[in-house]
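Heads up: the structure comes next, in structure tokens.
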Amino acid sequence: MVALRLAALWLGMIAPAGGPGGEVISDALEVLVEPDDSGYASSELRRGDRVRVVPGAGAGWLAIVPPSDAFDWVDASSIRAGSDGGAEVVADRAPVRSGGVGAKIPGPPRPPLPRGTAVRLLDRPALMLGEGPKARSWRAIAPPTGEVRYVRADGVRPDPGPSTTPSRTDPSPRVADAQVRTAQRRPPGDPDDAARRFEEALERSRRLDAEAARIKQKLAEARTFTDRAYDAKGLLQASSREHDGQRVHALIGPEGRPIAYLAIPPGIPAGRFLARKVGVRGDVHFDEALGNRLITVRDLDPLEKAR
């Protein structure tokens with residue numbers, strides 16, 4: 001849950017309105033449709049290319065206005081083309097997929113467009129995917145209003161300019177006087193000041209990245225501990241065997257033979273887990289009459305969905 005909350009906090013997207021500019025300083029900088037190194041690469045920027053930064057990125061990332069070569073694919077049957085190079089969505093929800101420069105098929109899905117949305121068609125050949133009744137034609141469109149793309153923050157140098165970040169609290173008179181004197185000494189748009197602020201932003205991003213990595217590691221360790229904490233795992237089945245006059249269940253191992261018998265208390269709904277792989281925790285001992293381990297069950301967890 002912590003990881004999900006962090007993701008929701010960091011990955012929020014705000015419609016671009018044209019923010020501060022920046023210059024690409026990497027020889028090759030991938031433009032992705034989501035702020036994730038494993039995300040779909042829609043294009044690539046080169047050293048010296050310009051970008052417009054908008055709010056909405058996460059740690060270590062910048063959200064940018066889509067570059068000039070960015071595009072999406074829309075289901076052709078969901079739009080009605082006009083005579084001016086534009087089109088209108090006529091379906092309730094028009095399927096949209098990411099476009100990639102040089103890619104021969106559409107990329108991953110994008111948010112669908114509602115009926116009435118105006119789009120701009122691009123001069124790219126339509127794609128026909130599938131065969132027979134399932135064949136579907138896709139048209140290339142300019143990114144709809146509000147779409148953004150993402151690049152690594154360390155691949156862009158921001159344009160110098162005065163800081164627009166408001167103070168969290170009103171400064172005291174002494175602090176305010178010091179700020180005024182500092183501002184008087186530093187000319188507007190001082191490149192050194194812009195570089196310092198950008199380095200501070202990068203350092204905050206690195207700290208957040210490190211914290212996210214620690215959280216992921218803790219989650220992985222927690223999952224590993226949970227897996228190891230089971231006394232036995234197997235397929236739960238009913239059996240005709242008894243212990244102290246009570247029917248026990250069989251836990252079937254990978255080779256199709258019972259690896260343990262389970263004495264399940266009435267409060268645990270074993271019936272809903274029959275024919276499913278389960279993990280068992282409880283008191284374990286060898287029972288000579290059964291010729292196998294007997295587990296007095298304390299916890300019974302399903303490890304797969306019901307069939």
Side-chain angles (χ1 to χ4, degrees), residues 1-13 32-40 58-61 93 95 97-98 105-112 130 134 208-307:
M1 291 299 296
V2 174
L4 291 177
R5 289 172 183 166
L6 284 174
L9 175 65
W10 294 342
L11 307 186
M13 184 174 72
L32 307 175
V33 298
E34 57 182 316
D36 192 310
D37 287 320
S38 61
Y40 182 79
W61 294 90
R93 292 163 62 88
R97 287 184 171 270
S98 302
I105 60 174
R110 303 288 294 170
K134 296 183 178 180
L208 288 172
D209 282 341
E211 180 63 21
R214 285 194 293 269
I215 291 173
K216 290 180 180 178
Q217 179 63 29
K218 289 181 179 178
L219 289 173
E221 291 173 355
R223 286 193 295 267
T224 301
F225 174 78
T226 300
D227 288 344
R228 291 176 179 174
Y230 290 120
D231 295 304
K233 297 180 188 177
L235 191 70
L236 183 65
Q237 289 187 358
S239 81
S240 60
R241 307 296 296 274
E242 293 184 352
H243 173 73
D244 290 341
Q246 299 294 324
R247 190 72 59 88
V248 293
H249 287 73
L251 194 66
I252 307 300
E255 298 180 356
R257 295 194 299 269
I259 58 174
Y261 289 96
L262 309 182
I264 303 178
I268 297 178
R272 70 175 61 174
F273 301 143
L274 288 176
R276 295 168 65 182
K277 187 177 180 181
V278 297
V280 182
R281 300 185 187 92
D283 298 323
V284 184
H285 69 273
F286 186 83
D287 186 276
E288 294 185 359
L290 295 172
N292 209 325
R293 290 186 299 168
L294 175 66
I295 304 177
T296 303
V297 176
R298 184 173 61 253
D299 297 309
L300 188 65
D301 298 329
L303 301 181
E304 63 182 9
K305 295 181 179 180
R307 299 175 182 175

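The minimum heavy-atom distance between Glu242 and Leu290, with the atom names listed, is O-CD2, 3.7 Å. Ala238 and His249 get closest at one heavy-atom pair: CA-CD2, 4.0 Å.
Side-chain contact between Phe273 and Leu300 is present, with heavy atoms from C-beta onward closer than 4.5 Å. At least one side-chain heavy atom of Leu294 sits less than 4.5 Å from a side-chain heavy atom of His285. Using a 4.5 Å cut-off on side-chain heavy atoms (C-beta onward), Pro109 and Arg97 make contact. Looking only at side-chain heavy atoms (C-beta outward), Trp61 and Asp37 come within less than 4.5 Å of each other. The side-chain heavy atoms of Leu236 and Leu262, taken from C-beta on, include a pair separated by under 4.5 Å.
A donor-acceptor contact shorter than 3.5 Å is absent between the side chain of Thr296 and the backbone of Ala263. Formation of a donor-acceptor pair under 3.5 Å by the Arg276 side chain with backbone atoms of Arg272 is found in this model.
Taken to the nearest 0.5 Å, the OG atom of Ser98 stands 4.5 Å off from the CZ atom of Arg110. Atom CD1 of Ile259 is separated from atom CZ of Arg293 by 6.0 Å, given to the nearest 0.5 angstrom. To the nearest 0.5 Å, atom CG of residue Asp244 and atom CD of residue Gln246 are 8.0 Å apart. From Leu251, atom CG reaches atom NZ of Lys277 across 10.0 Å, with rounding to the nearest 0.5 Å. Between the NZ atom in Lys233 and the CG atom in Leu303 there is a gap of 6.0 Å [rounded to 0.5 Å].
Taking a cutoff of 4.0 Å between a charged side-chain nitrogen and a carboxylate oxygen, Asp301 and Arg281 qualify as a salt bridge.
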Pair His243-Asp287, side chain to side chain contact (heavy atoms under 4.5 Å, CB included): steps then yes or no:
CA-CA 9 Å; His243 173 73; Asp287 186 276; 3.2 Å; yes

Might you work through the side chain to side chain contact (heavy atoms under 4.5 Å, CB included) test for Ile268 and Val297, ending with a clear yes or no?
CA-CA 9 Å; Ile268 297 178; Val297 176; 3.8 Å; yes

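With sequence neighbours left out, the side chain to side chain donor-acceptor pair (under 3.5 Å) criterion links Asn292 to no other residue.
Counting non-hydrogen atoms of neighbouring residues, nucleotides and ligands closer than 6.0 angstrom, the CZ atom of Arg298 exceeds 12 such neighbours.
A cation-pi contact links Arg241 to Tyr261, judged by a cut-off of 6.0 Å to the six-membered ring centre and 45° from its axis.
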